[in-house]
Amino acid sequence: MTFEVRAPEQEELAAFFSVNSIAFGRQLNPERVEGGMRFAERERLLGAFDDGRCIGSAGAFRFDLSVPGGSLPCAGGTWVGVLPTDRRRGVLTALMTEQLRRVRAWGEPIAALWASEAPIYGRFGYGLATEHFDEVRLARVHGRLRGHPAARGKPRLVTREEALAAWPAVWEAVRGQRAGLHTRSAAWWEERGVPAQEREEPGWSKDFLVSLEADGATIGYARYRVRGEWEHGLPAGEVAVHELLGIDGGAEAALWEYILGVDLVDRVTAYRRPLDETLLHLLEDPRRAVRRPSDALFCRVLDPAAALEGRRYPGEGRLVLEVADDFGGYAAGRFALEAGPGGARCRATGEAADLELGAEELGSLLFGQVSALALWRAGRIAGSEAAARTADALFRWRPEPWAPEVW
């Protein structure tokens with residue numbers, strides 16, 4: 001290795017962000033550097049430098065991430081890239097090695113990220129933890145709803161300032177119900193949640209911001225755009241829903257009724273929706289909703305005891321897990337997990353293991369969506385079928401985990 005891995009200096013940030021832009025096939029936008037540093041921390045960035053030239057980048061946001069029944073400090077991996085001129089030199093491996101070492105030193109028990117390509121991060125101990133519908137598409141003519149007995153609230157178009165004041169409480173309410181949502185700071189909301197400088201898309205409107213209000217409180221919101229189009233004198237536009245959250249099913253039903261009532265469009269597309277999407281159970285003909293499933297969050301466990309004790313479990317049970325970790329050894333060990341609805345206790349033990357798995361598989365299980373039995377059937381977990389079924393009963397969680405935002 002003829003390069004060094006370290007935090008970039010202030011004057012090197014433009015080069016750092018340029019590497020990431022080039023790696024993703026984009027031109028560097030100077031505003032992106034300024035905006036990114038509003039909620040990033042320079043000491044949590046890593047660059048690979050070869051004779052002063054930045055050739056690789058990696059960052060880690062600091063936030064808490066909801067897990068089943070709880071929340072954990074998490075390093076949100078981001079801005080990972082290597083210049084195409086410097087591939088196959090071990091740059092990514094060196095960046096991941098140093099980043100995970102730092103995350104563990106910071107005392108954050110897990111790291112999570114969105115993968116540009118799914119196979120990349122398994123070798124670094126990241127496991128696929130959540131899936132979602134990357135798109136749900138519906139012709140508006142088929143948007144007839146059954147109705148919801150608890151639907152309530154009145155939608156109101158609001159300003160950006162009103163959204164910034166009211167929406168964080170809704171996000172936190174949903175975060176308390178589902179695994180996979182991260183905390184959003186005020187700077188995050190201003191820069192990414194409801195940005196002042198919206199990304200222009202040819203043919204599309206700017207964001208419409210809608211709050212759902214009941215009894216003087218905001219109980220849901222939606223952020224969407226409209227593409228106006230006409231064919232043979234008939235409206236053929238589209239509504240693109242980029243974020244829609246309600247504090248309960250009744251609020252979600254009211255928001256979907258609003259979205260499906262937008263005039264002069266013939267189709268609705270919603271992005272990054274949960275696998276247990278409420279809309280699918282509201283539609284009279286859910287077959288008409290075309291769904292595209294996709295991987296979402298990948299999770300890396302660095303402190304198994306803290307991670308497993310930080311979530312809740314739907315039933316009582318006990319398992320001894322033997323975890324192998326070939327990349328850094330952070331999750332390696334044998335752990336006795338005693339868990340239940342009231343909490344969990346996880347300690348190192350010398351007892352015989354019920355199940356043997358890798359750090360990648362442990363990360364997959366943590367959020368309660370991936371089935372231990374499915375991993376066992378695929379040969380990725382060793383042990384008895386009975387132990388795999390016990391793990392399923394312990395780890396599975398509802399509602400489904402959901403990560404509404406790519407960071």
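Excluded from the calculations below are hydrogen atoms, water molecules and symmetry mates; all remaining heavy atoms, backbone and side chain alike, are included.
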N/O donor-acceptor pair under 3.5 Å between Ser205 side chain and Val226 backbone:
yes

Salt bridge (Lys or Arg N to Asp or Glu O under 4.0 Å) between Glu361 and Arg380, intermediate numbers included
CA-CA 7 Å; Glu361 287 71 35; Arg380 292 179 54 185; 2.9 Å; yes

Given side-chain hydrogen bond (donor to acceptor under 3.5 Å, both in side chains), test Glu243 with Tyr271 step by step and report yes or no.
CA-CA 8 Å; Glu243 194 160 283; Tyr271 298 98; over 6 Å; no

Any side-chain heavy atom of Glu385 within less than 4.5 Å of one from Trp376?
yes

So, Ser211 versus Glu213: side-chain donor-acceptor pair below 3.5 Å or not?
no

Quick check: closest heavy atoms across Ile219 and Ala251, and the distance to 0.1 Å?
O-CB, 3.5 Å

Crowding at CZ, Arg345 (>12 non-hydrogen neighbours, <6.0 Å)
no

Report, as yes or no, whether the 6.0 Å neighbourhood of atom CD on Glu11 holds more than 12 heavy atoms from other residues, nucleotides or ligands.
yes

Measure the shortest side-chain to side-chain distance between Arg178 and Phe367 over non-hydrogen atoms and say whether it is less than 4.5 angstrom.
no

Which is it for Trp397 and Tyr313 under the ring pair (Phe, Tyr, Trp, His ring centres under 6.0 Å) test, yes or no, and what are the steps along the way?
CA-CA 7 Å; Trp397 190 264; Tyr313 301 80; 7.9 Å; no

Flag the pair Phe133 / Val290 as yes when at least one side-chain heavy-atom distance between them is below 4.5 Å, and no otherwise.
no

If you count heavy atoms of other groups shown closer than 6.0 angstrom to CG of Asp134, is the number above 12?
yes

Treating Glu309 as the side-chain partner and Cys346 as the backbone partner, does any N or O pair qualify as donor plus acceptor under 3.5 Å?
yes

Taking the ring centre of each residue, are Phe3 and Phe49 less than 6.0 Å apart?
no

So, do Ile55 and Val19 sit near enough that their side-chain heavy atoms are less than 4.5 Å apart?
no

Does the side-chain hydrogen bond (donor to acceptor under 3.5 Å, both in side chains) test come out yes or no for Glu162 and Thr159, once each step is laid out?
CA-CA 5 Å; Glu162 289 174 307; Thr159 65; 3.3 Å; yes

Can you find a pair of side-chain heavy atoms, one from Leu209 and one from Arg160, that are under 4.5 Å apart?
yes

Determine whether a donor-acceptor pair (N or O, by modelled atom type, separation under 3.5 Å) exists between the side chain of Trp171 and the backbone of His182.
yes

Flag, side chain of Asp325 to backbone of Ala331, donor-acceptor distance under 3.5 Å
yes

Is the backbone N or O of Glu400 less than 3.5 Å from a side-chain atom of Asp276, with the two atoms forming a donor-acceptor pair by type?
yes

Does atom CG (Asp285) have a neighbourhood of more than 12 heavy atoms from anything else shown, all under 6.0 Å?
yes

Verdict with reasoning, Phe24 to Trp79, per ring pair (Phe, Tyr, Trp, His ring centres under 6.0 Å):
CA-CA 10 Å; Phe24 280 83; Trp79 294 317; over 10 Å; no

Between Glu360 and Tyr121, do the side chains contain an N or O donor and an N or O acceptor separated by less than 3.5 Å?
no

Given salt bridge (Lys or Arg N to Asp or Glu O under 4.0 Å), test Arg318 with Glu351 step by step and report yes or no.
CA-CA 12 Å; Arg318 188 178 191 278; Glu351 300 175 61; 2.7 Å; yes

Within-4.5 Å side-chain heavy-atom neighbours: Arg123 and Phe327:
no

Any sub-3.5 Å donor-acceptor pair from Thr97's side-chain atoms to Thr93's backbone N or O?
yes

Taking only Lys NZ, Arg NE, NH1 and NH2, and the carboxylate oxygens of Asp or Glu, determine whether Arg389 and Asp392 approach each other closer than 4.0 Å.
no

For Arg87, is the CZ atom crowded, meaning more than 12 foreign heavy atoms sit under 6.0 Å from it?
no

Leu181 vs Val174 side-chain heavy atoms within contact, under 4.5 Å
yes

Verdict with supporting geometry, His132 and Trp402, ring pair (Phe, Tyr, Trp, His ring centres under 6.0 Å)
CA-CA 7 Å; His132 64 182; Trp402 177 37; 9.0 Å; no

Pair Ser371, Arg377 - check side-chain hydrogen bond (donor to acceptor under 3.5 Å, both in side chains), show working.
CA-CA 10 Å; Ser371 164; Arg377 290 174 61 86; over 6 Å; no

Of Arg223, Arg184, Arg272, which is the lone residue that meets salt bridge (Lys or Arg N to Asp or Glu O under 4.0 Å) with Glu405?
Arg184

Listed by chain and number, what are the side-chain contact (heavy atoms from CB on, under 4.5 Å) partners of Ala403, not counting sequence neighbours?
Trp114, Leu297

Under 3.5 Å side-chain donor-acceptor pair for Trp167 and Thr218:
no

Just checking Arg267: does its CZ atom have more than 12 heavy atoms from other residues, nucleotides or ligands closer to it than 6.0 angstrom?
yes

Tell me whether the count of non-hydrogen atoms from other residues, nucleotides or ligands lying under 6.0 Å of CZ in Arg144 goes above 12.
no

Is the backbone N or O of Phe208 less than 3.5 Å from a side-chain atom of Arg225, with the two atoms forming a donor-acceptor pair by type?
no

Under the side chain to side chain donor-acceptor pair (under 3.5 Å) rule, collect the residues that match up with Thr269, sequence neighbours excluded.
Glu238

Donor-acceptor check, side chain of Glu190 to backbone of Ala187, threshold 3.5 angstrom: yes or no?
no

Nearest-0.5 Å distance, CG of residue Leu355 to OG1 of residue Thr390:
8.0 Å

Determine whether Thr183 and Glu172 make a side-chain contact, defined as any pair of heavy atoms from C-beta on separated by less than 4.5 Å.
yes

Evaluation steps, ring pair (Phe, Tyr, Trp, His ring centres under 6.0 Å), between His148 and Trp256
CA-CA 11 Å; His148 191 297; Trp256 281 119; over 10 Å; no

Enter the distance from Ser57:OG to Phe16:CZ here, rounded to the nearest 0.5 Å.
4.5 Å

What verdict does the salt bridge (Lys or Arg N to Asp or Glu O under 4.0 Å) test give for Arg6 and Glu12, after you've listed the backbone C-alpha separation in whole Å, the side-chain angles of each residue and the deciding distance to 0.1 Å?
CA-CA 11 Å; Arg6 58 172 173 80; Glu12 295 173 319; 2.8 Å; yes

